[in-house]
Amino acid sequence: MNYFPDEVIEHIFEYVGSHRDRNALSLVCRSWYRIERCTREKVFIGNCYSITPERLIQRFPSLKSLTLKGKPHFADFSLVPHGWGGFVYPWIEALAKGKVGLEELRLKRMVVSDESLELLSRAFPNFKSLVLVSCEEFTTDGLAAIAANCKRLRELDLQENEVDDHKGQWLSCFPDSCTSLVSLNFACLKGEINTGVLERLVARSPNLKSLRLNRSVPLDALQRIVARAPQLVDLGVGSLVHDPAMETFAKLMTTMNKCKSITSLSGFLEVTPRCLTAMYPILPKLTSLNLSYAAGIPGSDLIKLIRHCKKLQRLWIMDSIGDKGLGVVANTCKELQELRVFPSDNIGQHAAVTEKGLVAISMGCPKLHSLLYFCHQMTNAALITVAKNCPNFIRFRLAILDATKPDPDTNQPLDEGFGAIVQSCRRLRRLSLSGQLTDKVFLYIGMYAEQLEMLSIAFAGESDKGMLYVLNGCKKLRKLEIRDCPFGNTALLTDVGKYETMRSLWMSSCEVTVGACKVLAMKMPRLNVEIFNENEPADCEPDDVQKVEKMYLYRTLAGKRKDAPEYVWTL
Amino acid sequence: MAKEGLGLEITELRLGLPGGDSSASKKRVFSEIDGGENGSSTERNNKNAVVGWPPVCSYRKKKTSSKMYVKVSMDGAPFLRKIDLAMHKDYSHLAFALDNLFASYGIDAENCEQVPIYEDKDGDWMLVGDVPWEMFIESCKRLRIMKRSDAKGFGLQPKGSLKGFIEGVKN
């Protein structure tokens, strides 16, 4: 290949898109490294503290699209105190200074100030796409800057962010000349929006394919808006509440009938169940349905709906659907690939879903490869059956509401059940455990889960051996997060080199001491070992023998970070 | 834990290495932590529940939490109250709560016959107790405790206390 001129190799590299493949190319030889870095347009950084923005820009001058992730995953469950970090401003500032031709920015679990959105909107004339997932600190003022200044904006996708509503008219800030929108998702915004402005925006966006509304859009406005966009592929309905004027409702049904392209439906944050019939015309074509925020739809209506969704590939739903409802899913949705069942607040309900629902799904949906399942109980027999029926799992996440519940039929831990999963699903990349579990489950994981990249453990195991089985056995492990397990210093320190092969390790409420963390930090200068010291005063040196409440370590080329809050000790 | 009596352990199909084991003593038990074990380092919030379990992200928790506060007015009371319907399991619970709520106004809940009604999502005023509890809490927007004298002529049997009234309608 070295006999080809650079232009030829460059051209070939254009066909190589995935980050992993690109990373592999860059390791082959010097000239490939050089060519690859000059032509790379998309970069993914799984931990924003693993590298400095300056170094990124230096290596990839043609950067157009950047994905950054900030806080550790367990921050989602309130385990990371406020102010930990993950600020995007320094990145945007550096990219602006470096005159990067940024077109796309995707952020997850980062702190995004209005100031950074303002800078983003002004510094990059070709900016096209902003995706914010589980971010915080920005307000509708920041969104107004994006709307006003990004002349070529195609995508504004806000997923599950905490956004302060400043009652401004951010939607009105899209100029009349803005006609390039392809995707607009503001479902997570709490405040009112001007539906007339929205309607006009939709009317002048002929390329709009994805539109997800928030709660504040009433039924009549919804109808008018959707009528302007019959080309929609993805619709998020904020609110579908009974309108006494039946005419509007009939109009909505007619409008939905004209939407021949919608394959993805979500939302229903507020809903009167009988209004759902308006959606029936589009159900048969749906490949993706997210009703996980539709707390107002009772199980019986969910079941009625599902019967029409024969082409579904992705389903996110609440456990109010029940085991019986999952049976209906199993009989109807033969193309199902991804299923997520979330817990509803169980007021006056008996156990909504159990192992029975999951077994039914495994029997009816052989293509299933991704699962997130919150349930009241699970049995080894069920897991063994599921493992046999669905050997293609890539992601398997089980969350039993009582975290250490054993198999209710046999009173045994769930070691054998999860063991069957890892032995059968050779392509498993992500696993979350729950239920009563001994060290044995980790022995199985270490032995069989060869492709495992991410493992989440809570209230499990009996000794350091458990953690060691995993660290020794799972060669491809990248992220390990552990809470409330009896893993201690021996487990932490036996193979310190392992952590440089991983992105990060989280341990909270385990048996690890400050002293051991210090040893680890000393031996591994290219790891940042952070311990969170929430209860002690900031200048109080913790004792070496003291147990660590929370530890988060990650490999990094950037050294100790300068923006850590007082309660974070980087050892 | 050993299985009872039948000695079937030897025939049990298992993955992995041979050799028995018993459940170890050193275990972090979720239920112990949940129940307030001493010396546990796990975070607990005020209600003694375990922080971060079940692992539902905080955004989702906020959006799907079912706090169902509704206004309650009682004829004769100087101001309204609010109760969280989600906190109650059934009609009897609710009746108790309502009795307690207005007891402080000196309104004799036992003797003064009252009719509990509620406004539903359609804006209609309905008699409490006709529909199953789950359906009721879904559709109830506000409550009113009406004096029986206002409900005269509707053929309602005198049922004594508020609680008795609700029970009577239910049965």
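Numbers restart at 1 for each chain; the letters A, B, ... are given by sequence-line order, proteins then strands. Nothing here was measured: the structure is a model prediction, and the numbers come from that model.
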Does a sphere of radius 6.0 Å around NZ in B/K141 hold more than 12 heavy atoms from other residues, nucleotides or ligands, not counting ones at 6.0 Å or beyond?
->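 Not more than 12 within 6.0 Å, no.
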Would you indicate whether A/K465, at its atom NZ, is surrounded by more than 12 heavy atoms from other residues, nucleotides or ligands within a distance under 6.0 Å?
->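 Not buried by this count: 12 neighbours or fewer within 6.0 Å.
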Residue part contacting chain B, namely of [X], when any heavy atom lies under 4.5 Å:
| X | value |
| --- | --- |
| A/F342 | side chain |
| A/K405 | neither |
| A/N161 | backbone |

Check [X] against [Y] and note the closest heavy-atom contact, atom names and distance.
| X | Y | answer |
| --- | --- | --- |
| B/T64 | A/Y293 | CG2-CD2, 4.0 Å |
| B/V56 | A/F374 | CG2-CE2, 3.7 Å |
| B/V51 | A/R483 | O-NH1, 2.8 Å |

Within this structure, what is the [atom1]-[atom2] distance for the pair [X] and [Y], rounded to the nearest 0.5 Å?
| X | Y | atom1 | atom2 | answer |
| --- | --- | --- | --- | --- |
| B/K62 | A/E160 | NZ | CD | 12.0 Å |
| A/F77 | B/C57 | CZ | SG | 7.0 Å |
| A/D76 | B/Y59 | CG | OH | 13.0 Å |

Mark yes or no for whether B/R60, through its side chain, and A/S292, through its backbone, hold a donor-acceptor pair below 3.5 Å.
->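 At least one qualifying donor-acceptor pair exists.
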Highest number of heavy-atom pairs under 4.5 Å with chain B among A/I400, A/T272, A/I384, A/L269 belongs to A/I400
Who passes side chain to side chain donor-acceptor pair (under 3.5 Å) against A/E481, sequence neighbours left out?
->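 With neighbours one apart ignored, the set is A/H73, A/S456.
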